[in-house]
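Order of the sequence lines sets the chain letters (A, B, ...), proteins ahead of strands, with each chain counted from 1. If you're wondering where the values come from, they're calculated on a predicted model, not measured in any experiment.
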Number of protein chains: 4
Amino acid sequence: MKAAVLRELKSPLVIENDVPIPEFGPRDVLMRVKQCGICVTDVRIASGARPVGELPFIMGHEGVGIVEEIGSEVANFIKGDRVLMNPLVSCGMCKNCSSARDNLCENRKLIGISPGVQGVYAEYGVIPERNLYKLPGEVSYSDGVLITSNLASAFHGARRVDFKASETACIYGVGAIGKLLALVLKSFGASLIIGVVRSEKSLKAAAAFGVDYLINSKKEDPVKRIKELTGGKGVDAGFEVVGKHEAILQAIASTRAGGRTCILGVPFYHVIMDFEDELGFFHEICEKEATIINSWGYVRQEFPMMINMVKKGLIDFSPCRIKIIPIEEVNEGLKLNKEGLYTRVIIGF
Amino acid sequence: MKAAVLRELKSPLVIENDVPIPEFGPRDVLMRVKQCGICVTDVRIASGARPVGELPFIMGHEGVGIVEEIGSEVANFIKGDRVLMNPLVSCGMCKNCSSARDNLCENRKLIGISPGVQGVYAEYGVIPERNLYKLPGEVSYSDGVLITSNLASAFHGARRVDFKASETACIYGVGAIGKLLALVLKSFGASLIIGVVRSEKSLKAAAAFGVDYLINSKKEDPVKRIKELTGGKGVDAGFEVVGKHEAILQAIASTRAGGRTCILGVPFYHVIMDFEDELGFFHEICEKEATIINSWGYVRQEFPMMINMVKKGLIDFSPCRIKIIPIEEVNEGLKLNKEGLYTRVIIGF
Amino acid sequence: MKAAVLRELKSPLVIENDVPIPEFGPRDVLMRVKQCGICVTDVRIASGARPVGELPFIMGHEGVGIVEEIGSEVANFIKGDRVLMNPLVSCGMCKNCSSARDNLCENRKLIGISPGVQGVYAEYGVIPERNLYKLPGEVSYSDGVLITSNLASAFHGARRVDFKASETACIYGVGAIGKLLALVLKSFGASLIIGVVRSEKSLKAAAAFGVDYLINSKKEDPVKRIKELTGGKGVDAGFEVVGKHEAILQAIASTRAGGRTCILGVPFYHVIMDFEDELGFFHEICEKEATIINSWGYVRQEFPMMINMVKKGLIDFSPCRIKIIPIEEVNEGLKLNKEGLYTRVIIGF
Amino acid sequence: MKAAVLRELKSPLVIENDVPIPEFGPRDVLMRVKQCGICVTDVRIASGARPVGELPFIMGHEGVGIVEEIGSEVANFIKGDRVLMNPLVSCGMCKNCSSARDNLCENRKLIGISPGVQGVYAEYGVIPERNLYKLPGEVSYSDGVLITSNLASAFHGARRVDFKASETACIYGVGAIGKLLALVLKSFGASLIIGVVRSEKSLKAAAAFGVDYLINSKKEDPVKRIKELTGGKGVDAGFEVVGKHEAILQAIASTRAGGRTCILGVPFYHVIMDFEDELGFFHEICEKEATIINSWGYVRQEFPMMINMVKKGLIDFSPCRIKIIPIEEVNEGLKLNKEGLYTRVIIGF
């Protein structure tokens with residue numbers, strides 16, 4: 001089969017035509033890949049920032065496709081089914097799996113990311129039955145890629161704070177994830193969504209995703225403005241999706257007393273926080289009884305929910321910009337990902 | 001009536017015998033004070049660290065007593081009832097009051113703390129009916145003081161994290177609040193309570209309160225030890241009650257993936273946090289999907305719960321050390337509070 | 001002032017022009033009534049089915065209006081404010097009030113319903129400050145009446161089952177409440193709403209309210225059809241709003257294993273239930289671990305939520321049919337209520 | 001191996017010595033059985049009331065033992081581990097499994113109960129790794145049997161109603177399950193447990209399990225008495241464990257407004273309910289906003305919790321009466337089960 005192979009870190013992927021179709025076990029499905037999203041994690045893997053063990057390695061964890069063959073014990077799929085894959089392979093046994101939080105599985109592996117677990121930058125991939133979900137006719141392959149890529153993180157964040165209809169929200173960072181978070185919150189019944197961005201470009205793009213107000217934090221103090229827009233109180237739920245520690249502190253400060261702040265981003269750099277004021281930050285979060293909630297990935301029960309909402313048009317991807325490229329252009333695709341012009345760059349077969 | 005009056009900041013309270021008995025409205029109760037706890041907040045008020053507005057002022061917010069007279073609209077109390085007062089006067093109208101979180105009442109006042117709201121370092125005090133709870137015969141006045149002082153904060157913290165039977169916990173700081181938190185967690189069905197202290201003295205005292213293991217953080221790394229005691233995973237619920245930022249970070253690090261960390265203490269000093277490691281603290285709290293929950297004060301529905309649990313012996317104050325002093329010794333009492341030898345120093349009438 | 005007075009049970013209300021404007025206390029607001037909905041409860045009061053004590057009595061509990069005067073302690077309103085009244089006067093002290101469930105207040109009174117508590121079928125009414133909510137400019141008086149009448153019950157029901165975005169629902173009874181329940185569930189992100197009705201007329205009207213499928217239970221078995229529409233499993237949340245015991249049992253049977261069934265209706269008649277099959281109904285609700293939830297009225301924190309959602313257009317009353325009549329036609333209005341042609345018949349001043 | 005084999009319905013089990021040791025797959029464990037509880041379900045299977053498909057069949061679903069051999073993919077157990085088996089084999093894939101409710105698994109099988117799934121009335125049994133839990137040294141084999149038999153149902157019931165420390169409870173039926181439910185509620189911090197029984201014998205036995213008050217429903221009205229014992233309001237959580245429809249209605253009536261009623265029993269007979277009073281039962285459950293919760297079996301995450309609580313002595317089985325018999329006496333054991341003298345009759349190897 002054809003595949004894009006990582007043979008050397010920091011080098012372009014190599015398109016090979018004679019990669020053997022992988023073998024599969026009794027509970028696995030052989031999926032003919034139709035599309036696969038290109039993720040920033042792939043860029044990090046290719047650069048060596050995220051180790052994947054021995055090379056060669058086939059990346060690709062945002063795949064959708066058609067069931068080609070099934071293992072002897074597979075009961076829920078037949079050849080020809082259109083499917084979406086959940087790349088997180090959880091053990092189903094540990095405490096977190098048993099508690100409906102398999103994103104925290106103690107034995108988890110990620111298809112196309114974990115060492116030795118080959119991905120779907122390829123014509124075929126092997127996916128455990130437990131990690132596949134049927135795509136209804138109303139949901140296109142590209143919708144499927146958007147579900148498993150950008151939407152899943154946003155959706156999980158909204159569920160982590162148990163976002164309720166009529167609530168207000170702010171989102172620090174209205175990029176690929178932040179925009180879909182706005183779509184999700186809208187579909188959950190948000191009465192107000194305030195986006196905070198750092199460039200004029202973002203300001204324009206965000207409106208289509210349901211953001212009610214946009215604040216350019218380079219031009220005005222976002223916390224002050226958010227308080228003004230919410231009767232001096234702050235939002236019910238503050239979200240941070242950029243991974244900057246200043247934005248985390250601002251998201252906390254923008255949340256009302258009794259509200260919840262959800263952190264989806266991770267600062268990957270040397271952070272120094274200086275709280276000089278004796279009655280300042282700590283006293284405020286104490287007095288308002290802050291609840292600060294991290295959100296990591298997504299959990300398996302969220303896939304049917306998301307697929308259903310996209311199917312019914314409750315989450316509408318039409319404002320998303322996607323670009324579908326042939327696998328031969330995968331190296332250009334990895335570069336495009338960095339530029340951020342598209343909601344998702346997708347390899348199409 | 002007799003009262004201890006704050007006439008000048010940073011000066012001893014003055015015992016006066018001819019303070020007028022305060023007037024009360026139709027929904028108020030005139031309470032004959034039997035006991036009143038001395039709180040560190042009182043020390044801070046007397047020193048000027050917490051402003052109470054115009055002097056003279058009567059402090060005292062941890063009172064129990066007997067109903068002496070009732071306002072014309074009071075329906076739930078009669079003369080002679082033994083009562084405990086909740087010092088937090090909430091409005092009952094704002095969003096937080098309507099949502100069972102009146103500790104965050106937008107219009108809250110604290111008896112004996114808020115400017116103009118005189119307290120019960122006195123023979124009589126005026127308490128709104130809504131802030132009184134009957135003490136059953138099985139609950140002594142001193143028990144009542146312990147409920148409204150140390151217990152309430154601990155109890156609210158345990159409820160904020162929705163602590164469940166069979167769960168494990170660690171407590172950073174096993175002082176007056178930390179000890180009662182151990183009592184509370186035990187009564188909630190904790191299967192393991194690990195205390196972290198900084199002195200040998202605390203180590204001995206804590207055992208009686210139900211702490212299963214005690215770690216002296218001056219001698220060993222508490223995070224490492226807590227992980228060892230919990231199969232490498234960390235506790236279900238980590239608590240911080242000392243108000244040190246290092247302890248907050250340690251409590252978070254001591255909590256398992258998917259667990260909750262509750263912060264009851266507030267760092268009242270210049271805090272600098274330095275997270276140098278690129279894949280360190282932030283990555284860890286992200287990957288384990290940390291939930292960090294502040295706990296502030298207590299809410300009104302918790303008083304009947306606490307009174308009931310003390311009445312039934314589910315929370316047993318017998319390991320607490322209290323000292324009852326006459327009001328004439330209030331200034332010595334304020335000093336004793338600072339020394340920390342007693343769970344509570346209490347003025348008795 | 002002018003008012004419609006109930007002087008004799010089972011007789012028409014009498015329009016009187018010289019009823020004294022009621023006196024108000026320090027925490028009360030004198031509201032100039034702009035509109036007041038006519039409720040089936042009013043019909044029951046006038047007929048004697050629901051006793052209101054001594055006559056004469058002024059009914060009317062679904063009022064909106066303008067603040068005319070305020071009591072000396074009123075802090076949140078000024079003359080001229082447009083307001084909606086919550087007729088449920090709760091004590092703010094009992095266990096249920098303290099737990100955010102003031103619909104179950106142990107000392108509750110209902111304006112215009114409870115004996116001695118006069119309502120607002122009148123030019124002016126006295127409303128405690130705590131029971132008033134400001135109407136933003138975007139929310140008309142009629143919207144306000146719809147909020148406090150039909151919407152409130154539906155909204156509370158959806159919140160009682162904690163209805164989540166992406167869930168499916170069925171509604172037994174798509175009348176005045178059922179239609180608004182469909183609006184609410186849609187705004188909460190329902191992916192499927194199935195209505196069950198007993199007449200062709202209802203079938204047509206329901207579509208505009210967001211009902212996706214309509215089943216005429218006279219023509220086909222609703223449980224069987226709902227199972228078919230949900231992959232054989234049943235809906236996530238079943239609702240019953242007609243008050244028929246058959247519909248209650250059907251709503252339970254239509255709910256999936258692990259789902260919740262919400263009962264808003266009350267059978268007011270002699271009910272006999274016969275469960276003949278040894279392995280039938282009881283075994284089924286046991287094996288599917290049924291959760292059956294009654295919903296009664298609404299709670300005070302829901303008013304700001306509802307007002308906000310109507311203001312933002314998340315709940316859109318445009319498919320509702322209302323009829324505004326002068327108070328002189330109140331007796332005709334009471335009759336119209338029984339006919340059910342309108343979502344609400346409203347007295348306008 | 002030796003096993004007790006069901007060769008014919010309604011006939012005694014046959015002890016056979018040459019039953020082949022069953023084969024096991026890569027994810028299975030071969031368990032050497034040390035003890036196995038005798039359950040009323042076994043009595044029903046042997047009588048034909050619960051079909052198990054083709055005979056011969058080996059019953060036995062409450063087993064504990066020692067790991068004898070492991071399949072090639074088993075990672076969490078080694079030969080010699082003391083283990084407890086969870087008989088419920090869930091698929092780990094369906095909606096309910098993904099939502100931490102695998103008791104409702106759409107593809108569930110029960111070891112020793114489901115047709116074709118042989119149990120552990122035998123020296124050896126095959127158990128999937130996912131269904132095994134390690135027994136710590138502090139937990140005896142008999143404790144293990146009590147956990148997986150009587151305790152599990154009671155524990156799940158308490159968790160289904162989210163029973164909280166300080167709450168009050170009543171239990172209709174204080175037999176084998178009801179007694180352990182009392183133990184569980186006590187360990188969760190119950191402030192009051194009222195048992196309702198129908199015989200003097202039960203009255204005496206119940207006290208040791210933590211029941212505070214016992215009502216003989218043959219001698220007095222239990223609902224009236226429970227109201228009296230709870231200030232006229234009813235308990236926070238009412239439980240029914242006998243499977244009688246009268247007791248279900250009484251448990252609902254004994255629960256306070258805003259409380260929860262949990263039904264663990266199932267009426268297996270022709271039930272007729274007659275609600276004659278127009279403003280009676282339905283109006284009451286409506287006005288008190290009843291929440292009625294079925295509890296079915298147990299879920300996999302509860303096993304580590306229960307084992308931990310027994311290990312730490314938070315749940316103490318010492319008041320339980322068990323009887324251990326050799327497998328040769330299994331037919332007498334099945335008869336003893338019916339007599340109800342023992343908390344559990346257990347086959348010991």
Side-chain angles (χ1 to χ4, degrees), chain A residues 24-29 67 70-77 81 83-86 88-109 116 127-134 152 155-156 159-160 162 297-309, chain D residues 24-29 67 70-77 81 83-86 88-109 116 127-134 152 155-156 159-160 162 297-309:
Chain A
F24 55 95
R27 303 188 189 188
D28 292 330
V29 164
V67 172
I70 60 172
S72 57
E73 297 177 23
V74 169
N76 297 307
F77 296 93
D81 281 344
V83 289
L84 168 158
M85 64 176 263
N86 169 6
L88 192 148
V89 181
S90 54
C91 74
M93 288 199 267
C94 71
K95 180 172 185 167
N96 289 320
C97 278
S98 296
S99 307
R101 298 183 75 174
D102 75 327
N103 58 333
L104 307 179
C105 171
E106 295 171 7
N107 310 297
R108 67 179 174 258
K109 286 182 184 172
I127 318 292
E129 175 185 20
R130 192 167 175 269
N131 281 58
L132 286 179
Y133 297 92
K134 270 178 205 151
F155 195 80
H156 184 63
R159 288 185 75 247
R160 270 286 282 161
D162 196 13
Y298 35 78
V299 290
R300 44 182 287 110
Q301 66 267 37
E302 289 165 347
F303 284 93
M305 298 175 192
M306 291 187 288
I307 291 169
N308 201 24
M309 292 188 78
Chain D
F24 55 93
R27 302 188 190 190
D28 292 330
V29 164
V67 171
I70 60 172
S72 58
E73 295 178 23
V74 169
N76 297 308
F77 297 94
D81 280 344
V83 289
L84 169 159
M85 65 175 262
N86 169 6
L88 192 149
V89 182
S90 54
C91 74
M93 287 198 267
C94 71
K95 179 172 185 167
N96 289 320
C97 279
S98 295
S99 307
R101 297 184 75 175
D102 74 328
N103 58 333
L104 306 178
C105 171
E106 295 171 7
N107 311 298
R108 66 179 174 256
K109 287 181 183 172
I127 317 294
E129 175 185 21
R130 192 167 175 268
N131 281 58
L132 286 179
Y133 297 91
K134 271 179 203 150
F155 195 81
H156 184 63
R159 288 184 75 246
R160 271 286 283 159
D162 196 13
Y298 35 77
V299 290
R300 43 181 288 110
Q301 64 268 37
E302 288 164 347
F303 283 93
M305 297 175 192
M306 291 188 287
I307 291 170
N308 200 24
M309 291 188 79

Determine the sole option in A:Asn76, A:Asn131, A:Leu132 for which the side-chain contact (heavy atoms from CB on, under 4.5 Å) test with D:Met93 is passed.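 Single side-chain contact (heavy atoms from CB on, under 4.5 Å) partner of D:Met93 among A:Asn76, A:Asn131, A:Leu132: A:Asn76.
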Which one, D:Glu302, D:Glu129, D:Arg101, leads in non-hydrogen pairs under 4.5 Å with chain A?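 Ranked by contacts with chain A, first place is D:Glu129.
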What's the spacing between D:Arg300 CZ and A:Cys97 SG if we round to 0.5 Å?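 Atom-to-atom, D:Arg300:CZ and A:Cys97:SG are 8.5 Å apart.
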Write down the atom of D:Ser98, the atom of A:Ala100, and the distance for their closest heavy-atom approach.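 Residues D:Ser98 and A:Ala100, closest heavy atoms: O-CB, 3.5 Å.
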Which pair of non-hydrogen atoms, one from D:Gln301 and one from A:Ser99, has the smallest distance, and what is that distance?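 For D:Gln301 and A:Ser99, the tightest heavy-atom pair comes out as CB-OG, 4.3 Å.
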